[in-house]
Structures are given as structure tokens and as C-alpha cells.
Number of protein chains: 2
Amino acid sequence: MARGKGVTIRDVARRAGVSITAVSHSLNGKGTISEETRARVKAAADELGYQADAFARGMRQGSIGAIGLVMRSLDALGDYTPAGVDVFERFAGILSSRALARGLSLTLVPDLTRSPVPPLAFSMDGYVIMSPNAQDPVIDLLDRRGIPYVCYGKLLDKPDFTRWSSEDDPLAARQILAHFEAAGAREIVLVSGTDRNAWNADFLQEYLSWCERHGVTPRVYEQSERSGLDGGRDAGLRILADGVPEAVFCMTGRHAAGVQQEVLAAGLAVPGQVMIAAASDSEHARSSRPAITAFELNPAGTADLLLDMLQELLKTGETMGPRLTRARLRPRASTRKD
Amino acid sequence: MARGKGVTIRDVARRAGVSITAVSHSLNGKGTISEETRARVKAAADELGYQADAFARGMRQGSIGAIGLVMRSLDALGDYTPAGVDVFERFAGILSSRALARGLSLTLVPDLTRSPVPPLAFSMDGYVIMSPNAQDPVIDLLDRRGIPYVCYGKLLDKPDFTRWSSEDDPLAARQILAHFEAAGAREIVLVSGTDRNAWNADFLQEYLSWCERHGVTPRVYEQSERSGLDGGRDAGLRILADGVPEAVFCMTGRHAAGVQQEVLAAGLAVPGQVMIAAASDSEHARSSRPAITAFELNPAGTADLLLDMLQELLKTGETMGPRLTRARLRPRASTRKD
DNA sequence: CTGAAAGCGCTAACAC
DNA sequence: GTGTTAGCGCTTTCAG
């Protein structure tokens, strides 16, 4: 059952009146087969609805045309509910359709280090790891097993690791800081996430370096990515208690929306007195009033680059990275100062 | 490469000083093996980090612990971008983690009838088809190949088909109509989607039957699920042009938000003059002002029921359905009449 | 209780 | 150009 209707290469060979080698070679364009035989075999295969058994083939060639996706940022959540960041919600679907276009199927594999590990997990051709953490056990496991992988986001603790792609986060960080600056803000607050990934680290570092260059005391408020709107409100209250800043930059759209609610509730004007922006766009950012300026990430472009790298890695055993895409800043009312 | 580090059953056998049969039986709890041997084998397997090759195993037993997910509602979109309906965005992730808990991995397979079909596609143990269309070619293909599947949503053109699960849509439809009625509305308009699936059909049918029972002339406005907020605004304008109703019921949260924007723009009060509700919750519905009443679907519960059915089907060759879950009506300000 | 051996469907040497 | 054959790693009779 579930095995290509039981039509084997032997059936096709019999039908076409040739050997099974002839069938294999014809269908895979491998050996030296006359055009005529090739055509006859193809016809026979079509008539029978022949489809090479993926397992048998995989067993012989050691690869099967399937890659796995591990979403580290979602592993913390039991139910894989989107964390309110557009890019997470969309990436699996986008990667899957991009992979399909290359003849690869995409399997979602939650945390490989937790049992039960699905049987196929260690037989994937390779993996895409989204938002790997520092000292990520999943990365260790793949290394130990010698399974090829590429990452969406760099490995914080392995600066020599190059097989990653992502939006250019430091660039985006500088861009938003310049955006605030151009609108006249100097006292800028950062609401960062708590996951130990490159995304948080890069923005934090650029922020700190900006503060240093401008002689401003940094104000960083940590808030779990998963705390959502309420976490944003919490951060907002803490920020206001410490003194009203000219601008607040949040890593997630939900946090930004929460901060904005509290800022408005305190009777402050957005963007008049406080500007607000987010490092990742989401429905919350778009539909808040005023709408919140945010970066639209580029999961589609990044997915393509990651697949390029992974395929190269599978083929040649190595690949060169990192490869960067660009996030697009979407200026909205929350930072419009005129 | 990518093959369990190359540790085979033979290596384990040698290490434990037994035959490969003993290893296989020990690890799978199959034959009659002494407790002592079993323990020795297990120890050897652990030390070597042995992991049975999924392809070899799959080849022998014809199944591999992997199921496929086809999202018909998203196949129409090239990039699998969520259509603004919570349940689509979440279902893949939820199903994947629920499947994992049962030792199954989940592979996303966009439209099986379009090439190139990934190699594994026809070797899946079974499939979950989300929102199958009427006369769905994917269903035909699976039937032809004899590949087991279950559906999220019934097959409109196959009333005898029972291997499906979903929220009880007719019940939800009656519930929202009663909700409107209780708030004093009689002239109710339906903004339906255009996909030919059970979801649309069931709501439409209950709506028509309600109208008939109440001697009200039905007013149905079709709008593609993919038209989003703009589509909702368009529907809103058409509705207002035809006469202001007491209530508008939209299949998607985005449509509802769009309709509400136009209703408010026309100077009408929501819910004072026009009430609005949606058949599926989404960020749009929640963050509109006033917030829009909507049904919160139950993808987690439905995923479990679907997996129950699929596993039963795989094991016994048959399963009984349909199995219904319940959507929860979330009353919000858009229908609060006091 | 344990092991030898057949064979799943396929690909790739290697003969013819 | 074409066919024979040896396995890939595993499970499963079937003898011992």
C-alpha cells in the first residue's frame, strides 16, 4: 500500500520487452540506450503509471530529494503557534513551495533532540535551520551525524561558520536608527527579545554602538518574543516609568503595538512625542492606529538563497556564505514627523 | 552521507556479538530474545549511536512514519502566503507537532498533480488534505494510486465519503444567525468566498435555509478568499449600494474588516445600525475598531481527530467519520447591542 | 532462544 | 547497445 500502486521496474521491463537495466537507464538518462528503446520504455512506464519507489532509490543513492526544516524559534512553543512575526508564519510555506520547484519536498521537523524523533529525520538529504540559538543542540546533533545543513541566521558562537543566509540585520538596525535620527530623535529605547539568536544580538550590538557614538546612555528592555501584546504593554509601562523617550524600537510587531497602547494611554502623542517602530512587520504593526513603521523581511529571497547553498553543499560538499538579503523599511504613521 | 553516520545493524551485531536478526528483534521487540541479549544489544546500539535506516526499513515494511499535508486552499497562491485566516497559518505547524507526538513526520506537499512531484510524495504513508475542492484532482490522484488520506472538510461531490473531520460548520452558521437574531437583526447579508469547498457551501446552505424559514430575501455577495481587505471593502460598497442591512456575515476576518471600514465610512454605526461578524477569526477581526465578532476555529482538535482517523485507516484499512469539532464564537463589540 | 538466508526495488559495475 | 548480477540495510520466515 502507498507504494506507487505496486508497479515496479520489473513490470515496466516486461511490458517494454527489455531488461530492468534498460528501464533504469532510459528513465534516468544514464547509460547508453538507443533512442528507440528509450522511447518504448518511456511509453510503457507511462501506460503503467510507473513511479520509481523513493525508498529503494534512496537506499541506493543515499539521498531522496527531501529536506527538513527546523524552526528553532517555534520549538519553545508546544503548538507551533506563530509568534506574531510575519516571517515565521510564512517561512515554512514559502520554503516548501520554493523547494518543490527544485524537486525537493520539505518536511517539518520539530526539535530533533527531543524524542520521539520521526524515522525519516536522519535520512533527510539536508536541513534548513531557522533562527538557530547559541550553543544549539540541534546544530551539534547534525554536526555529529554529518548531516548537511544551512541556517537562516548566523551561528552566534561559531563565527567561522558561513553556511547561513538572512536579511542584513546590522544594516537594517543602522537604517532604522538613522530614520529616527532624521526625525529628530536622540533618546532611543530598544525592546529586545530574549531568544539567544543572531537577530537579537545584531540589533542589540548596532544599537549599543549607535548609543556610544552619540554619547547616549543605552536603555534596553528585554521581553520574551512569546509574550506578545501583553509583553509589549509591560515593556511600555516600564519604559514610561523610567522616563519618556523620543523613540522606541521593538524587535517584534506585537511588542511595538503593546508599547504604543501604553504610550497612548499615558496621554502621549505618537509620533508627536514618542515615535515607535518594529524590526519585523506583522498584522499588529500594520493595523495599529497609528500604523507602526516596520521592516518587511524577505523570507522568499532568503529561502531561495538557502536552497541554493544547500543544493551546492549536497552536490559539491561545500558552499560559500553568508548570503544576505535586504529587509524593506515600511515607514508608517508612527514615525511620521512633519 | 546523511545516513545515520553509517552505523548499520551489522555493526551493532558485531559489537554485541550476536546475529543481525537478534539486533533487529531486540530493538523492535519482535521475536523471542532473552532479556540479557536484548539488554546487551541495546547497549551496543546506544554506544554506536545506531539509528535504523529509514529507507531500508520503509522498503521492507512499506511504510515509513511520514504523512503528507496538502493545503488546497493555498495551492492557488504561488507563494503559500497565508490568506489572512488564522486557521491556515497555523494548521501546518500544529499538525506537524501533533504528528510528531505520534512519531510521524509531516511533509508539506503543494499540489500533487503539478510537476515536478517530489520523489517522496508517492511513498508517504498517507495524506491529510486541507479544504479539498469539489472534483478535486488531488483526491482523484490519491484514489487512483491507492494512497490513504483523510480530509479537513468534507468532499462536496462525494456524500458517501466519511473520512473527514472539521468544525461543525452548519452548527456554527445557525449559531451566528441566532446571535444576530437575538440582537434584533432580520435583514442579514452573507459575504461568501469563491472556493468550491464545504466550508463555503455549508454556511451558504444554512443561510439560505434560515432566510427561507424567516421569509427574508437572501442577499449573497461573493468575494474571493484571496481578495483580502480590499475585497471586503468592495463587498461593503456593493452591499451599501443595494441597501443598508441590519447585519453582515463574512466568511473571512479580512472581508469583515473591509466591510466594516466602508460601513463606518458611510457614517453608519457599528453595531448600532449594522452588526458585523466573521466565520473565521483573524488578526484583522480582533484588531478592528470596533473589534469584530468571529468564530475561533479549532485546528488543534481537528488535527488530532484527523491523525486518529489516518492512523486507524493505516492500521485497519478503514475508519469511521466524520468527526466534528466545535468552533467557539467570540462575541465582540461589532455585535454588542445593549 | 538464536542465526542463516531470502528478498523488498532499485542502480551501477561489469560482462556480453 | 543491452542484459546479468551484486548488493544498499533491513525485516522476516524458517531451520537449528
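Chain A is the first sequence line, chain B the second, and so forth, proteins listed ahead of strands; every chain is numbered from 1.
- Distance alone, capped at 3.5 Å, is enough to place a donor-acceptor pair between the B:Ser165 side chain and the B:Arg323 backbone.
- The CE-P distance, from A:Met59 to C:dC8, rounds to 12 Å in whole Å.
- With the end axes of the helix from C:dC1-D:dG16 to C:dC16-D:dG1 each set by five pairs, the angle from one to the other reads 40° at 10° resolution.
- The ring pair (Phe, Tyr, Trp, His ring centres under 6.0 Å) with B:Tyr149 is formed by just one residue from the set B:Phe161, B:Trp164, B:Tyr127; it is B:Phe161.
- For B:Asp53, whose side chain is taken as the heavy atoms from C-beta onward, the closest listed nucleotide among C:dC10, D:dC10, D:dT11 is D:dC10.
- One interatomic measurement links the two molecules: CD1 of A:Ile64 to P of C:dT11, which rounds to 12 Å at whole-angstrom precision.
- Distances shorter than 4.0 Å separate some side-chain N or O of B:Ser24 from OP1 or OP2 on D:dT11.
- In this structure, A:Asp53 does not pair ionically with A:Arg60, as no charged nitrogen and carboxylate oxygen lie closer than 4.0 Å.
- Between A:Asp304 and A:Arg102, some side-chain heavy-atom pair lies under the 4.5 Å cut-off.
- Nearest approach of A:Ala54 to B:Ser123, heavy atoms of both residues: CB-OG, 3.4 Å.
- At whole-Å resolution of the value, CD in A:Glu35 and P in D:dT2 are 10 Å apart.
- Rounded to an integer number of Å, the gap from CG of A:Leu27 to C1' of D:dT2 is 16 Å.
- Distance B:Ile33 CD1 to D:dT12 C1': 13 Å, rounded to the nearest Å.
- Atom CZ of B:Arg196 has 12 or fewer heavy atoms from other residues, nucleotides or ligands within 6.0 Å.
- Side-chain contact between B:Leu307 and B:Ile67 is present, with heavy atoms from C-beta onward closer than 4.5 Å.
- Distances shown here put a side-chain N or O of A:Ser34 below 4.0 Å from the OP1 or OP2 atom of D:dT2.
- For D:dT11, one of the phosphate oxygens OP1 or OP2 lies less than 4.0 angstrom from a side-chain nitrogen or oxygen of B:Arg57.
- Listed nucleotides C:dT11, C:dG9, D:dT11 differ in distance to A:Arg10; the shortest reach to its side chain belongs to C:dG9.
- A:Phe122 has its CZ atom 17 Å from the C1' atom of D:dG9, to the nearest Å.
- Between the side chain of B:Asp125 and the backbone N or O of B:Gly65 there is at least one donor-acceptor pair closer than 3.5 Å.
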N/O-N/O pairs, protein side and nucleotides 3-7 of chain D side, under 3.5 Å:
residue	atom	partner	partner atom	Å
D:dG3	OP2	A:Ser19	N	3.0
D:dG3	OP2	A:Ser19	OG	3.4
D:dT4	O4	A:Thr21	OG1	2.5
D:dG7	N2	A:Arg60	NE	3.2
D:dG7	N2	A:Arg60	NH1	2.7
D:dG7	N3	A:Arg60	NH1	3.1

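- In this structure, A:Gln61 atom CD and D:dG9 atom P are separated by 14 Å, rounded to whole Å.
- In this structure, A:Ile9 and B:Thr32 both approach DNA chain C, and ranking their closest nucleotides by distance from the 5' end singles out B:Thr32.
- Between B:Asn28 atom CG and D:dC10 atom P there is a gap of 10 Å when expressed in whole angstrom units.
- For D:dT11, neither phosphate oxygen OP1 nor OP2 lies less than 4.0 angstrom from any side-chain nitrogen or oxygen of B:Lys30.
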Next on the checklist: Determine whether B:Arg98 and B:Asp308 satisfy the following criterion, salt bridge (Lys or Arg N to Asp or Glu O under 4.0 Å), listing intermediate values before the conclusion.
Outcome noted: CA-CA 11 Å; B:Arg98 289 295 212 265; B:Asp308 286 346; over 6 Å; no
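- Looking at A:Pro132, A:Ser131, A:Ser166 one by one, the single match for side chain to side chain contact (heavy atoms under 4.5 Å, CB included) with A:Cys151 turns out to be A:Pro132.
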